[in-house]
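Worksheet: the structure to be examined is printed underneath.
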Amino acid sequence: MDARSKGEVSLVDGAIDHAALLASVAAPDAGATVLFLGTTRRHTGDVVTERLEYEAHQPMAVRELARLRNEAVSRFSLAGCGIVHRLGVVGVGETSVAVATAAAHRREAFAAAEWVMEEIKRSVPIWKCDESAVGDRRWVHPEAVFDGGAAP
Amino acid sequence: MDARSKGEVSLVDGAIDHAALLASVAAPDAGATVLFLGTTRRHTGDVVTERLEYEAHQPMAVRELARLRNEAVSRFSLAGCGIVHRLGVVGVGETSVAVATAAAHRREAFAAAEWVMEEIKRSVPIWKCDESAVGDRRWVHPEAVFDGGAAP
Amino acid sequence: MVVVNLFAGMAESAGTRRLDLEWTGGSVADLRRRIGDRIPAIAELLARSAVAVGTSYAADTDHVPGDADVAIIPPVSGG
Amino acid sequence: MVVVNLFAGMAESAGTRRLDLEWTGGSVADLRRRIGDRIPAIAELLARSAVAVGTSYAADTDHVPGDADVAIIPPVSGG
């Protein structure tokens, strides 16, 4: 981890403290800070979601998140980057993932936060189970072939 | 203003309450929320900034911010959008502008926040004065010809 | 009489935030010339600025009534 | 003996989060076949999954020692 950049990665069981995450990436040479929050939404097409449940291979997920964080720092010249993913049950309107990036200029801060989110969805061993209002449970395993991009 | 979308615009004299701004755009069908914070940074090239001072044509700035907010809501199908710009003295590490966007999907939330920031810098009658550590004061009026894009 | 409101670097260069000018009506272009003649120090920045009559941006050919409240909007730098 | 850890929809389909298989060593491809034969209900998802030996992703030709701890990583859906 780049000693000059701020922020960490973590998996948490309860509500994500996004104010603390923002504070953790603050730096005097950061002119731009971006916070992304992924929240459980009620409707996806015709499907009504009641809550989501997240599960992870925790040691691999933490390591992969740290790798993404460090790659984002060097790729986008960030002053800070932090990622928090919540596990367990996440109700509608609650936050499952938070990414904060800080950079000298806004383009890098935006691009880095978007890139980290793309990569989380592509390569970090975390899964969600969609629980509908009528009680159906469905683990989500997208059909696209796992491309091994996460391999070292 | 679209009655179904959340969030407002404002000019404030003190610290920006970004947690309140985030909360103001929350919506059950928003799966993605982006918060952008523009903060005063210490170094710009070789120049060391001590603090910035912002001034606005307040009624025109509020009206222009509201126009941008509403255009962002319709252009990016946002569930919510809020903008706060601080006026007066803003020290290093303090936030001068905050934009929050909420959308069903992250691409729209990111794109809208970036677009709003571009437009704020292009068209809203707010000006900054850069005060260096050695006491120089310099109002910033970029050389590019004002293109009248803000005109109705 | 027209009231001309100045902001930021323009107010600093002019040494005032408000100019009161005798005015019986005319175009925005006419008003620009009057302001530039009165305060040459701001002529260069004025040429790069927009003009609002009331709180609406106005083109150089637009009319400025005799009792207007006008704002000069130099290039912006918020954010 | 190899310990195979299952997650998410794969654990749900298998009815367990952990399989203990007799194993004296072999390739990842061999292990995939053994798992699929043992629990046909997860064969389709297994074919779309990555395999980690310890906490490192492994290719089908990689060796899985006789005492390995293995994780099957089905397509991810975090975020």
Side-chain angles (χ1 to χ4, degrees), chain B residues 9 11 36-41 44 52-68 83-87 90 95-99 113-114 116-130 137-152, chain C residues 2-21 27-33 35-36 38-65 67-79:
Chain B
V9 306
L11 299 173
F36 174 83
L37 303 177
T39 52
T40 301
R41 69 172 183 274
T44 300
L52 298 177
E53 186 179 335
Y54 286 90
E55 177 181 320
H57 184 310
Q58 296 199 29
M60 289 184 70
V62 167
R63 200 176 58 180
E64 182 69 6
L65 289 174
R67 185 185 71 74
L68 292 180
I83 310 172
V84 183
H85 203 298
R86 183 172 174 180
L87 301 178
V90 181
T95 297
S96 53
V97 63
V99 174
E114 277 202 84
V116 167
M117 281 305 306
E118 300 288 336
E119 292 298 308
I120 287 174
K121 287 177 176 278
R122 201 178 66 78
S123 77
V124 179
I126 300 176
W127 303 274
K128 76 176 164 200
C129 183
D130 197 325
R137 276 172 59 89
R138 185 181 61 90
W139 283 99
V140 179
H141 295 299
E143 286 294 326
V145 173
F146 190 87
D147 67 3
Chain C
V2 68
V3 174
V4 179
N5 297 285
L6 304 178
F7 296 89
M10 190 162 276
E12 195 154 284
S13 296
T16 181
R17 306 185 70 77
R18 172 180 165 147
L19 288 178
D20 296 338
L21 297 178
S27 71
V28 168
D30 294 336
L31 182 61
R32 285 179 180 272
R33 275 189 292 274
I35 298 167
R38 172 81 163 266
I39 311 182
I42 63 173
E44 184 272 335
L45 186 52
L46 179 61
R48 301 195 285 122
S49 298
V51 172
V53 177
T55 57
S56 297
Y57 288 103
D60 276 0
T61 53
D62 287 348
H63 182 70
V64 182
D67 59 350
D69 194 85
V70 169
I72 310 300
I73 308 294
V76 304
S77 54

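In the text below, chain A, chain B and the rest are named by the order of the sequence lines, each starting its count at 1.
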So which residue, A8(C), S13(C), G78(C), ends up with the most heavy-atom pairs under 4.5 Å with chain B?
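Option with the greatest count: A8(C).
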
Could you tell me whether the side chain of [X] and the main chain of [Y] form a donor-acceptor pair under 3.5 Å?
{"X": "S96(B)", "Y": "G79(C)", "value": "yes"}
{"X": "S77(C)", "Y": "V140(B)", "value": "yes"}
{"X": "R48(C)", "Y": "P142(B)", "value": "yes"}
{"X": "W127(B)", "Y": "P75(C)", "value": "yes"}
{"X": "H141(B)", "Y": "G9(C)", "value": "yes"}

Beyond-backbone contact of [X] with [Y], side-chain heavy atoms, under 4.5 angstrom:
{"X": "M60(B)", "Y": "Y57(C)", "result": "yes"}
{"X": "I73(C)", "Y": "H57(B)", "result": "yes"}
{"X": "V76(C)", "Y": "R122(B)", "result": "no"}

Please list, chain by chain and in numerical order, all residues satisfying salt bridge (charged side-chain N to carboxylate O under 4.0 Å, His left out) with D62(C), sequence neighbours excluded.
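Per chain and number, D62(C) pairs via salt bridge (charged side-chain N to carboxylate O under 4.0 Å, His left out) with no residue.
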
Examine whether an atom of A56(B) lies under 4.5 Å from a heavy atom of chain C, and if so say whether it belongs to the side chain, the backbone or both; otherwise answer neither.
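For A56(B), backbone heavy atoms alone lie under 4.5 Å from chain C.
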
Where on H85(B) is there a heavy atom nearer than 4.5 Å to chain C: the side chain, the backbone, both, or neither?
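Contact with chain C involves the side chain of H85(B) alone.
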
Apply salt bridge (Lys or Arg N to Asp or Glu O under 4.0 Å) to E12(C) and R138(B), showing your working.
CA-CA 10 Å; E12(C) 195 154 284; R138(B) 185 181 61 90; over 6 Å; no

